[in-house]
Amino acid sequence: MSNPDDSARGASPWQRGGADDPRAHDDSCRDCVLSSRVRLARNLVGFNFVNRSTPEQLSEVVHRVQAARLGGPFEGGVRWVNVQATAALDRLMLFERNLISRPFVEAQHPRCVAISTDESTSVMVNEEDHLRLQMLAPGLQLRPLAARMLELDRTLERSLEYAFHPRFGYLTACPTNVGTGIRVSAMMHLPALRLLEELDKVQRAAKDMHLAVRGFHGEGTDALGDFFQISNQTTLGRTEEDLVEEFAETIVPRFVEYERAARRALLERDRLAVDDRAHRSLGLLRSARLLSLDECIKHLSRVRLGVALGRIEHVELAHVDRLLLEAQPAHLAHATGLSLGIAGLGSAGADDRAARATAIRGAWR
Amino acid sequence: MERTCDCCPNPAVVHEIVVRDGVKAEVHLCAEHAQERGFLMPTSHGPALIVGKLLEQAKAAAPRAPKACASCGTTMQQVRETGLVGCPLCYRSFEQELSPIIERAQAGACAHLGRHPAQAAELVDRAALRNRLARELREAVAQEQYERAARLRDRLGELGAPTALAPNGAEVAPDPMGDEERGGAPS
């Protein structure tokens, strides 16, 4: 297993996705959708679930998965990280890069994660379920992601036997995740809806469509700025294709449409005020000497809106999205060599405002 | 003088006197042999507590006792407290209890559609059967029904080892004297 130290700074390779990258084929929703994620929950036959296993049994699960052929996105190389033996700062880096979940950072038991070279794919072993497979892509790309994910699943299934029930489908430690075990989500940027105080519209629609609305880093995290992760809660009684298609073709576009309508309304109401707001934030990020995480995210959100509306030129959405990652505490600490008090998962700790201001200030040249 | 075990020179800690058809028979056993013969041994208490343990065991077997998963020992109460089941076979053990919970969480859906590993259904059935046989084997040994135990062991052998065996081997190689049916130790 390697140490995550070699984790590239800055954006994940999948996030960079240039014009020649086949994954960057659809940017039509990038103004409102930062990234897409597909996750599968799987468990092995013959083992208790993680919550009911001994450390020895969990080590055996790790061993089994490491011996399995991963294939697909891992063909180009796989990095195994023994998370139990990894330093807190590095665990937090993996979390900020959305490669592992928050509970996985904090757990004590034997666990590891396989990461593909382009960081688009990771397999957490011994999270709540024996296997949590996930794939990430920039913008709205759920259908191709899901297709690749199901292919990876089939490959794994050749070497691992999954727990399955004829009526409940793929079995999971939490009874509410059974069935397909698939969770699709989109990280959305909804600043205009917040400005117009129409976020309750999102909440109501989400409730009607059985969706979960979560924060910047998924389950158990708060909304940071105007960023929300929307995901399906229904996993049983519908095929994978059906669930993904509805989410990608109906649900996400509906939220995108709400946000775009709000953006149009803002522009119609006072175009100059929208301009002013975006450029003030850009000016602040270019000049500030002390910058807290919350403040940084707030102004990056305003700049992102300005870029998406064409009010700020010469800045790309992907650049703003990269700064959203680089401003995170562990990334900042890693880049600057600061040692942060990371017990509180980045919220508390040493004062990193000066370091953040310096890093962000230098990012616009 | 202290009595020794009927089977070895160690001091006896279990003393059983049975009068059958007017004939009195005495059994004296050390801790190890008592366990082998199915007596539940308290760890640091006197023989008086054995009766209590046996009563507890009888209670646990009574239908009113809270149902536990035959494979991992998780109870429905624990599922409600933690929101998590203990093993794949919990879905068999608690199918009735879990169904309404799942339906509520899944907007009324109660049956899986979609992907289906080709051999999965058969594997779940085989694991359940293996588990049931292992339980019966333990009971048979505890009740000294050795012929029945041999038959059960043969049937388990015919089923073969599970392809993904629990590391503690609970499914296929049960400790015949184990007093619980745990597929794995609680975390």
Test ring-ring contact (aromatic ring centres under 6.0 Å, His included) applied to H130(A) and Y162(A), step by step
CA-CA 10 Å; H130(A) 292 144; Y162(A) 291 152; over 10 Å; no
Need one label for [X]: side chain, backbone, both or neither, based on atoms under 4.5 Å from any heavy atom in chain B.
| X | answer |
| --- | --- |
| L160(A) | neither |
| T172(A) | both |
| E128(A) | side chain |
| R167(A) | both |

Salt bridge check, R154(A) against E157(A): does any charged N sit closer than 4.0 Å to a carboxylate O?
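Salt bridge present between E157(A) and R154(A).
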No-hydrogen, no-angle side-chain donor-acceptor test under 3.5 Å, [X] and [Y]:
| X | Y | result |
| --- | --- | --- |
| E127(A) | S101(A) | yes |
| T235(A) | Q106(B) | yes |
| R52(A) | T74(B) | yes |
| E56(A) | S59(A) | no |

Heavy-atom pairs under 4.5 Å with chain B - which of [options] has more of them than the others?
| options | value |
| --- | --- |
| R238(A), E241(A), H109(A) | R238(A) |
| D242(A), L150(A), N177(A), L236(A) | L236(A) |
| A173(A), G169(A), G179(A) | A173(A) |

CD-CE distance between E81(B) and M76(B), expressed to the nearest 0.5 angstrom
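The CD atom of E81(B) sits 11.0 Å away from the CE atom of M76(B).
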So which part of L84(B) gets closer than 4.5 Å to some heavy atom of chain A, the side chain, the backbone, both or neither?
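Contact with chain A is through both the backbone and side chain of L84(B).
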Contact leader toward chain A among G114(B), A111(B), S99(B), where contacts are heavy-atom pairs under 4.5 Å:
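Of G114(B), A111(B), S99(B), A111(B) has the most heavy-atom pairs under 4.5 Å with chain A.
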Top contributor to chain A contacts, counting heavy-atom pairs under 4.5 Å, from A105(B), G108(B), C110(B), A109(B):
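Top option by heavy-atom pairs under 4.5 Å: C110(B).
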